[in-house]
Amino acid sequence: MLFSEVTSEESYIVTGYETGRVGINQVAHTHSLIVRPHQLQTDWPVQTVGELQVEHLQALLDHPPEVLLIGTGETQQFPDRAVWRHLRAQGLGVEIMDTAAACRTYNLIMAEGRDVAAALIIEG
């Protein structure tokens with residue numbers, strides 16, 4: 001796993017990615033998670049995009065970010081249409097991409113000072 005230097009101890013930054021693992025502030029995680037600049041949820045139960053339901057994202061929707069990234073594992077896969085429609089109706093930016101791309105995009109958006117959340121499915 002390649003890591004980059006953590007530049008802020010006050011924020012959660014993606015510091016590495018490889019199949020089956022995501023590094024957050026240089027700690028490797030092997031289970032799906034949700035990361036925001038000031039919050040990390042490591043017990044997110046979604047293991048595949050097929051399992052994703054609105055209730056898995058409800059805590060995010062209660063305090064919505066400007067941009068929500070959903071990393072769907074090794075390949076980009078779209079969630080169930082009902083989930084997708086519900087997310088689009090919330091008025092926030094939603095991007096669906098593979099988990100590696102979601103990790104890179106999260107860091108870029110966060111570096112701009114924007115409110116971003118990434119729900120990352122980690123297959124393993």
Side-chain angles (χ1 to χ4, degrees):
M1 179 180 286
L2 296 175
F3 288 100
S4 60
E5 184 178 349
V6 176
T7 58
S8 171
E9 294 187 20
E10 297 176 11
S11 297
Y12 290 106
I13 300 168
V14 177
T15 52
Y17 173 80
E18 69 180 18
T19 302
R21 293 196 261 201
V22 171
I24 305 291
N25 292 9
Q26 299 185 358
V27 175
H29 297 272
T30 58
H31 298 285
S32 299
L33 56 88
I34 296 175
V35 61
R36 294 182 84 158
H38 302 291
Q39 183 179 19
L40 179 63
Q41 178 186 343
T42 59
D43 60 349
W44 197 46
V46 180
Q47 295 179 359
T48 67
V49 72
E51 295 176 9
L52 183 61
Q53 298 297 317
V54 171
E55 57 264 18
H56 294 125
L57 300 168
Q58 194 57 54
L60 285 173
L61 299 177
D62 289 344
H63 304 283
E66 180 182 347
V67 178
L68 171 59
L69 307 171
I70 300 178
T72 60
E74 287 296 301
T75 60
Q76 179 188 40
Q77 303 171 52
F78 286 87
D80 180 77
R81 287 179 193 247
V83 173
W84 179 243
R85 277 192 298 264
H86 184 80
L87 291 173
R88 297 298 295 171
Q90 300 302 305
L92 61 140
V94 178
E95 296 291 335
I96 310 293
M97 55 190 70
D98 65 69
T99 297
C103 289
R104 293 187 301 270
T105 304
Y106 169 83
N107 281 351
L108 290 171
I109 295 172
M110 191 186 79
E112 294 173 349
R114 295 168 65 196
D115 186 13
V116 61
L120 305 173
I121 296 173
I122 302 172
E123 299 171 326

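From a predicted model like this one, the values you see are computed outputs, not experimental measurements.
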Item to check | Among Ile96, Leu52, Val49, the one residue meeting side chain to side chain contact (heavy atoms under 4.5 Å, CB included) with Gln77 | outcome: Val49

Item to check | Residue among Val54, Leu92, Ile70 satisfying side chain to side chain contact (heavy atoms under 4.5 Å, CB included) with Leu87 | outcome: Ile70

[Y] and [X], any side-chain heavy atoms less than 4.5 Å apart:
| X | Y | value |
| --- | --- | --- |
| Ile122 | Gln47 | no |
| Ile13 | Asn107 | yes |
| Leu60 | Leu68 | yes |
| Val116 | Pro65 | no |
| Val94 | Trp84 | yes |

For [X] and [Y], work out which heavy atoms get closest and say how close.
| X | Y | result |
| --- | --- | --- |
| His29 | Thr42 | CE1-CG2, 3.6 Å |
| Arg36 | Ala117 | CG-CB, 3.5 Å |
| Asn25 | Ser11 | ND2-O, 3.0 Å |
| Arg21 | Thr30 | CG-CG2, 3.8 Å |

Checklist outcome for this item: Distance col, row Gln53:CD vs Glu51:CD, nearest 0.5 angstrom, shows 9.5 Å

Checklist entry - Out of curiosity, Tyr12 OH to Ile24 CD1, how far, rounded to the nearest 0.5 Å? => result 9.5 Å

Is [Y] reachable from [X] through a run of hydrophobic residues whose side-chain heavy atoms are each under 4.5 Å from the next?
| X | Y | result |
| --- | --- | --- |
| Val14 | Met97 | yes |
| Phe78 | Leu69 | no |
| Ile121 | Val22 | no |

Item to check | Pairs touching residues 87-105 that satisfy side chain to side chain donor-acceptor pair (under 3.5 Å), sequence neighbours left out | outcome: His86-Gln90

Next on the checklist: One pair to check against side chain to side chain contact (heavy atoms under 4.5 Å, CB included): Ile34 and Leu120. What are the steps and the verdict?
Outcome noted: CA-CA 6 Å; Ile34 296 175; Leu120 305 173; over 6 Å; no

Next on the checklist: Treating Trp44 as the side-chain partner and His56 as the backbone partner, does any N or O pair qualify as donor plus acceptor under 3.5 Å?
Outcome noted: yes

Checklist entry - Distance-only, no hydrogens or angles: does the Tyr17 side chain make a donor-acceptor pair with backbone N or O of Ala102 under 3.5 Å? => result no

Next on the checklist: Side chains of Glu74 and Thr19: any donor to acceptor distance under 3.5 Å?
Outcome noted: yes

